[in-house]
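Let me begin by presenting the structure, written as structure tokens, before commenting on it.
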Amino acid sequence: MRKRAILVLLLVFPCWVCAAPALEPAVLSTSDVSLMFQGGDHAPKLATLSGIPEFRINNEAMEPLPASVEINGASVPLNWEINREASTHDKNHVLFVYESANPHLRLDWEWEARAGFGPVEHRITVKNLGNRELWLPLIDSLRLQWVITKESLQHFYVEKGADTPSAHGTHLENLSDGYHWIGKSSTYAFPAPGEAREIIPAEFVFDAEHPQTGWFAGLEFSGRTRISLERAGNKVTSVLGLNPEPGPFRTRLEAGGSFTTPTVFLGAFSGGPDGAANQLRPWVRAVLGNPLTWKEPHYPYTVNNSWGSGMQVDENLALRMIADSKELGLEMFHIDAGWFRGVGDWYPDPKKFPHGLAYIADAAHKQGLRFGIWVDWTQAALDTEPGALNVHDPKVRDWLVADTPPNWKPEEFKGQTVDVGVPAARDYFAKEVKRMVNDYRLDMLEQDGYLVAKGCTRDDHPHAPPDRSTTKVVHDWGSDFVVASNSTDVSYHAVRAYYNIYEQTRREHPGLLFEICNDGGRMVDFGSAAHGDYFSITDTYDPLSNRRAFYDTSFMLPAAMLESYVEKWPTPQPENFLYMLRSGMMGWLTIMTDTTVWSEQQHNAAREAIALYKQKLRPFVRNASLYHVSERPDGVHWDGLQYWDATRKSGVVYAFRGSTADEDVHSFVLHGLESDRKYKLHFQDATAPDALSTGRQLMDEGLKVRLVRALSSELVFIEEAGSTGK
Ligand SMILES: [Zn+2]
């Protein structure tokens with residue numbers, strides 16, 4: 001009997017016996033993933049990942065805890081020992097604690113399941129318990145070394161829609177032997193010449209065969225990060241964390257200070273990329289999202305934005321737009337750039353707004369609209385009025401990422417970036433953000449430009465000083481960007497400070513919304529999702545770019561958080577007008593064109609389309625599963641998306657016909673329905689009469705849509721209508 005018991009133990013915990021860990025293995029489970037961890041004497045390990053339906057992979061690598069630190073320029077080796085008393089685990093949280101005696105450091109290796117479903121999160125914190133400053137090397141957020149048994153693996157990732165979405169924003173690649181990939185993310189999203197575009201920092205890896213099971217992982221941080229993925233034979237290695245390039249990375253750990261790796265999430269899924277996305281989106285909403293925002297039944301709001309008139313916004317235009325917003329049924333009025341006295345001088349221009357911004361806020365509120373503004377609050381420039389952030393003020397000069405050259409001038413709405421990671425600058429900006437929210441009676445604050453310093457040349461900031469021999473200053477978009485060995489550490493400190501200001505502001509102003517714009521889609525990541533309420537997902541606003549950016553981004557983030565700005569676009573036919581509007585109606589809708597010049601017919605069409613969005617589309621945008629039922633939009637062929645709410649047993653298909661001259665009818669193969677159920681189809685524009693179909697037909701042959709004009713669209717509502725009786 002005894003022999004048999006040992007055998008069972010070996011089968012259940014094979015590595016527990018051979019690696020002789022000091023702690024009992026710990027398990028964390030949600031309804032989608034189960035992870036097992038081992039706390040060895042000198043290092044912890046993620047041992048296995050299991051998913052539902054049944055699949056399991058083993059991880060080979062022990063966690064490589066930092067081997068040394070630097071003290072007074074000398075490398076000092078570390079010996080880590082587990083602290084059994086301090087280590088804990090329960091059903092939602094695993095904490096393995098390791099300590100180094102000399103220098104005295106504590107390392108917390110933590111995993112947490114914050115929802116009953118979806119992925120599990122992980123972070124590592126190192127605390128300096130000694131009394132000397134020291135320097136830590138790079139600690140990755142997560143290192144995986146899976147031993148795989150499936151041959152045909154695929155890797156899926158998406159680009160940010162930064163600037164203009166590229167022609168290939170969604171990538172599905174074979175993860176074959178010899179595969180080597182690195183995806184990067186930062187707050188800038190400028191790829192260096194010859195480099196790939198930045199990604200939304202997450203990866204999906206799955207077995208190509210049905211039911212397409214696999215794992216996904218992503219980073220909840222907006223600073224400079226990277227994900228690498230490689231395959232050698234039956235080993236798949238992936239590393240997620242801060243970007244070690246251009247390095248060498250090091251970060252200061254003062255006495256009593258601590259360093260925490262960017263949080264990662266790790267989960268399991270089936271059903272390929274849409275399967276992963278339909279798990280990830282509700283998880284982001286439940287765990288990272290702002291519960292107060294989601295509690296509002298009208299989120300995501302419909303918005304009228306002033307940028308259709310560029311910098312020429314003033315009180316008259318604002319009041320006209322507020323009246324027209326009300327008439328159209330929009331819910332927020334948003335003043336974009338152009339309202340301020342100058343860059344870094346975030347007070348209303350008295351010539352444009354003689355009664356100030358609170359006056360405009362009151363006018364909007366009186367019409368039942370919310371009110372928000374654009375601001376690029378970490379910029380300094382040349383204004384000298386009280387309250388302006390001036391680059392020549394000695395205090396401000398010390399906060400800048402670099403000195404400004406002689407005769408330097410700001411651009412129209414960009415100046416020199418202040419390093420928000422400097423504590424005094426952080427405190428100043430926290431007050432400045434609070435002032436604007438209070439004085440201008442804001443319901444929404446849109447951040448733009450580059451709030452987070454890319455690099456910094458200063459020696460006396462909290463981050464590591466740069467290696468001057470390799471430092472480059474690049475002038476782009478009206479600002480100087482410093483690229484140096486310390487760039488990742490600069491972004492680490494600046495992002496933490498920026499998050500801290502937003503957390504504080506949210507506490508003080510519950511219900512305030514933050515739009516993450518950052519030059520249009522450059523800061524689209526899971527750290528931003530945890531600190532903001534919605535994203536500008538691209539900086540190009542024609543119907544095709546809006547649909548491309550939405551197609552890509554909606555694999556990663558809740559649709560309600562994904563804002564499309566609808567700009568002026570040629571619409572000779574009423575169908576083209578609806579096509580333009582609907583291309584921005586799959587997530588958060590912001591109109592960014594002067595609606596007062598619309599014809600009466602266009603006004604009527606827009607009013608109806610907005611009412612339909614609020615009544616019938618928005619509930620799907622908030623809650624429904626989403627299926628990408630076409631190839632990525634190319635503007636020529638047809639494309640479409642399907643929302644399906646399994647609880648309400650209803651959904652909608654957005655169908656778009658591109659410029660193609662020879663395809664009047666297109667079939668969209670649907671997902672998520674039940675084969676033996678009947679479904680009622682309602683074609684919103686009456687391009688076909690209402691009809692009944694079966695789940696089998698819709699999921700095998702597809703939903704047929706007929707559109708006779710190029711650049712037109714249709715919305716097909718689907719409702720379950722009982723059993724087929726078969
Ligand atoms: Zn700095």
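Here, residue 1 is the first one in the sequence, and each next residue gets the next number. Since the structure is predicted, the reported quantities are computational estimates derived from the model, not experimental observations. Just so you know, ligand 1 is whichever comes first in the structure, and atom 1 is the first atom listed for that ligand.
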The residue among Trp374, Tyr534, Tyr541 that forms ring pair (Phe, Tyr, Trp, His ring centres under 6.0 Å) with Tyr565 is Tyr541
Is the Zn ion (ligand 1) less than 2.8 Å from at least one N/O/S atom of His493?
no
Which atom of Asp419 is nearest the Zn ion (ligand 1), counting N, O or S only? It is OD2
The N/O/S atom of His461 lying closest to the Zn ion (ligand 1) is ND1
### Message
Looking at Arg522 and Asp448, is there a salt bridge between them, counting it only when a charged N and a carboxylate O are closer than 4.0 Å?
### Response
no
Note: NE2(His463)-the Zn ion (ligand 1)-SG(Cys456) angle, rounded to 10 degrees, equals 110°
Value for CD (Glu198) from CG (Asp525), rounded to nearest 0.5 Å, stands at 9.5 Å
Worksheet item: Between Trp111 and Leu266, is any pair of side-chain heavy atoms under 4.5 Å apart?
Response: yes
